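Here's the structure we're looking at; comments come further down.
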Protein chains: 2
Amino acid sequence: MKLSAKVEYGVRAMAILALYYKEGPLPLREIAEQEKISLKFLEQIVPALRRSELIKSVRGAQGGYILSRPPEEIKVGDIVRSVEGPITPVDCLAEDRDDSCCHHKDGCLTRQVWEKLRDKINDVLDDVTLNELISLKPTQTL
Amino acid sequence: MKLSAKVEYGVRAMAILALYYKEGPLPLREIAEQEKISLKFLEQIVPALRRSELIKSVRGAQGGYILSRPPEEIKVGDIVRSVEGPITPVDCLAEDRDDSCCHHKDGCLTRQVWEKLRDKINDVLDDVTLNELISLKPTQTL
DNA sequence: TAGATATCCGAGTTATTTGGTCGGGATTAA
DNA sequence: TTAATCCCGACCAAATAACTCGGATATCTA
């Protein structure tokens with residue numbers, strides 16, 4: 001029950017972009033430095049975010065990335081699903097196989113839990129926007 | 001954001017054991033057949049459940065496994081955590097590293113979401129007992 | 001006591017996924 | 001024109017997942 005490093009980095013990157021939202025495009029190099037992420041690895045993560053239209057790219061010198069919409073309109077769930085695809089706790093919930101979950105024709109005993117789990121995960125992640133992420137600021141290292 | 005096959009099989013196996021709870025120990029062979037799971041793979045999954053005292057084993061001929069407690073007292077969350085360990089959506093929530101989540105000394109922007117996510121996942125899974133699993137019966141293949 | 005039936009244990013194997021790296025091409029501001 | 005930047009695809013190593021296999025140990029039944 002883990003998120004991939006890609007998702008974690010993706011969300012961190014988006015949080016940084018939220019902080020710089022009003023200041024025009026921010027190059028990946030900056031994000032990579034601030035978050036201590038390999039630039040090359042970051043480059044591999046952001047295309048998904050762009051294709052989902054969560055960010056826009058500005059090519060060439062002085063270019064970079066900028067959020068497509070204000071931070072309060074972007075949910076963490078959007079980011080997670082963009083980078084990792086739809087939330088599917090177990091394979092049999094994938095879209096392509098509407099019918100046969102397991103081999104049981106008489107109804108699978110466990111499917112309901114997994115559906116509920118999937119829905120709740122989406123709920124939690126959709127309940128937090130980038131704006132909340134950067135303003136609820138620090139749980140403080142305490 | 002996937003559960004392992006072990007967890008999925010583990011929950012399925014526990015559901016079967018719940019169905020047979022009143023009939024004494026059920027051998028793995030039976031479960032393996034009903035759920036079309038490799039016996040040898042099942043053998044590798046159940047020890048965790050036994051060590052967590054969710055099931056008891058009866059060795060020798062006519063032996064098998066039986067739930068340690070009635071189905072209504074066993075939560076799906078118990079099973080998942082038993083087989084897969086504690087729910088940690090991202091590594092920095094693991095127990096051993098209370099302090100440094102990421103490299104930020106000034107408080108990590110994202111940690112809160114992951115904590116919330118972890119808690120909600122546990123909530124959902126702890127909200128369903130084996131009894132509910134086998135009595136809410138079929139979402140019907142529909 | 002002799003099977004037969006089970007659990008139990010640990011090592012080995014294969015396939016997939018993850019978490020990257022690397023090289024270079026296309027675009028554009030200065 | 002040069003330097004900064006995004007963009008794309010191939011490659012790679014390590015870890016993990018999903019099994020398999022062989023056999024030891026316990027115990028019921030006959």
Side-chain angles (χ1 to χ4, degrees), chain A residues 1-13 17 20 24-33 35-68 80 83-85 88-92 94 102, chain B residues 1-13 17 20 24-33 35-68 80 83-85 88-92 94 102:
Chain A
M1 217 48 195
K2 282 222 183 359
L3 291 162
S4 64
K6 280 192 177 181
V7 163
E8 198 182 337
Y9 294 165
V11 173
R12 298 235 293 264
L17 286 177
Y20 286 80
L26 186 71
L28 282 191
R29 180 181 39 77
E30 287 280 353
I31 301 177
E33 277 169 19
E35 291 293 328
K36 310 271 190 273
I37 302 173
S38 145
L39 173 60
K40 278 301 191 179
F41 194 34
L42 245 193
E43 279 185 337
Q44 193 176 339
I45 296 171
V46 289
L49 298 167
R50 180 171 45 82
R51 289 186 205 109
S52 309
E53 299 184 325
L54 298 176
I55 59 180
K56 284 180 296 191
S57 68
V58 180
R59 301 183 68 165
Q62 319 314 317
Y65 290 91
I66 187 170
L67 299 186
S68 306
V80 173
V83 174
E84 225 180 34
T88 53
V90 303
D91 284 336
C92 76
C102 37
Chain B
M1 219 47 196
K2 280 223 187 354
L3 291 162
S4 63
K6 279 192 179 182
V7 163
E8 198 183 336
Y9 294 165
V11 173
R12 298 233 294 263
L17 285 178
Y20 287 80
L26 186 72
L28 284 191
R29 180 181 39 77
E30 288 279 352
I31 302 177
E33 277 169 20
E35 292 295 326
K36 310 274 191 269
I37 302 173
S38 143
L39 172 61
K40 277 302 191 178
F41 193 34
L42 245 193
E43 278 184 340
Q44 194 175 337
I45 295 171
V46 289
L49 298 167
R50 181 173 43 84
R51 287 187 208 108
S52 308
E53 298 184 326
L54 297 176
I55 57 179
K56 284 180 295 190
S57 67
V58 180
R59 301 184 64 165
Q62 322 311 321
Y65 290 92
I66 186 170
L67 298 185
S68 305
V80 173
V83 174
E84 226 180 32
T88 53
V90 302
D91 285 337
C92 75
C102 35

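Atom set for the values below is all heavy atoms of this structure, side chains included, hydrogens, waters and symmetry mates excluded. Please read all numbers here as calculations on a predicted model, not as lab measurements. We name chains A, B, ... by the order of the sequence lines, and we start the count at 1 in each one.
Note that the CG atom of B/Leu3 and the CE atom of A/Met1 stand 4.5 Å from one another [nearest 0.5 Å]. A distance of 11.5 Å separates OG in B/Ser57 from CG in B/Leu49, rounded to the nearest 0.5 Å. Between the CD1 atom in B/Ile37 and the CD atom in B/Glu43 there is a gap of 12.5 Å [rounded to 0.5 Å].
Of the two residues contacting DNA chain C, namely A/Gly60 and A/Ser38, the nearest-nucleotide position lying further toward the 5' end is that of A/Ser38. Annotation: of the two residues near DNA chain C, B/Gly64 and A/Gln62, the 5′-most nearest-nucleotide partner is B/Gly64. Each of A/Ala61 and A/Pro47 was assigned the nucleotide of DNA chain D with the nearest heavy atom; the assignment lying further toward the 5' end belongs to A/Ala61.
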Polar-atom pairs under 3.5 Å, protein N or O versus N or O of nucleotides 13-19 of chain C: list them with distances, or write none.
residue : atom : partner : partner atom : Å
C/dG19  : OP2  : A/Ala5  : N            : 3.1

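The shortest side-chain heavy-atom distance between B/Ile31 and B/Arg12 does not fall under the 4.5 Å cut-off. A/Leu17 is not listed as a side-chain neighbour of A/Ile66, based on a closest heavy-atom distance of 4.5 Å or more. Considering only heavy atoms from C-beta on, B/Tyr65 stays 4.5 Å or farther from B/Pro25 through its side chain.
Remark: A/Ala32 engages A/Leu39, A/Leu42 in a side chain to side chain contact (heavy atoms under 4.5 Å, CB included) (not counting sequence neighbours).
Within the nucleic acid shown, A/Val58 comes within 4.0 Å of sugar-phosphate atoms alone, with no base atom in reach, counting heavy atoms only.
Look at A/Ser57 and you won't find any side-chain N or O under 4.0 angstrom from OP1 or OP2 of D/dT5. A close approach under 4.0 Å does not occur between any side-chain nitrogen or oxygen of A/Arg29 and OP1 or OP2 of D/dC6.
As a whole-Å value, the separation of B/Ile45 CD1 from D/dA18 P is 9 Å. At whole-Å resolution of the value, CD in A/Glu43 and P in D/dC8 are 11 Å apart. Here C/dA6 presents its P atom at 19 Å from NZ of B/Lys56, a figure rounded to the nearest Å. Rounded to whole Å, atom P of D/dC6 lies 10 Å from atom CG of A/Leu17. When the P atom of D/dC6 is taken as reference, atom CG of A/Leu42 falls 10 Å away, rounded to whole Å. B/Leu49 has its CG atom 13 Å from the P atom of C/dT7, to the nearest Å. Between the P atom of D/dG22 and the CG atom of B/Leu39 lies a distance of 14 Å, rounded to the nearest Å. Counting to the nearest Å, the C1' atom of D/dC7 and the CZ atom of A/Arg50 are 7 Å from each other.
A donor and an acceptor atom sit less than 3.5 Å apart, one in the side chain of B/Arg59 and one in the base of C/dT7. On a pure distance criterion of 3.5 Å, a polar donor-acceptor pair joins the side chain of B/Lys40 and the base of D/dG23.
Of all nucleotides listed (C/dA6, D/dT5, D/dC7), D/dT5 comes nearest to the side chain of A/Pro27.
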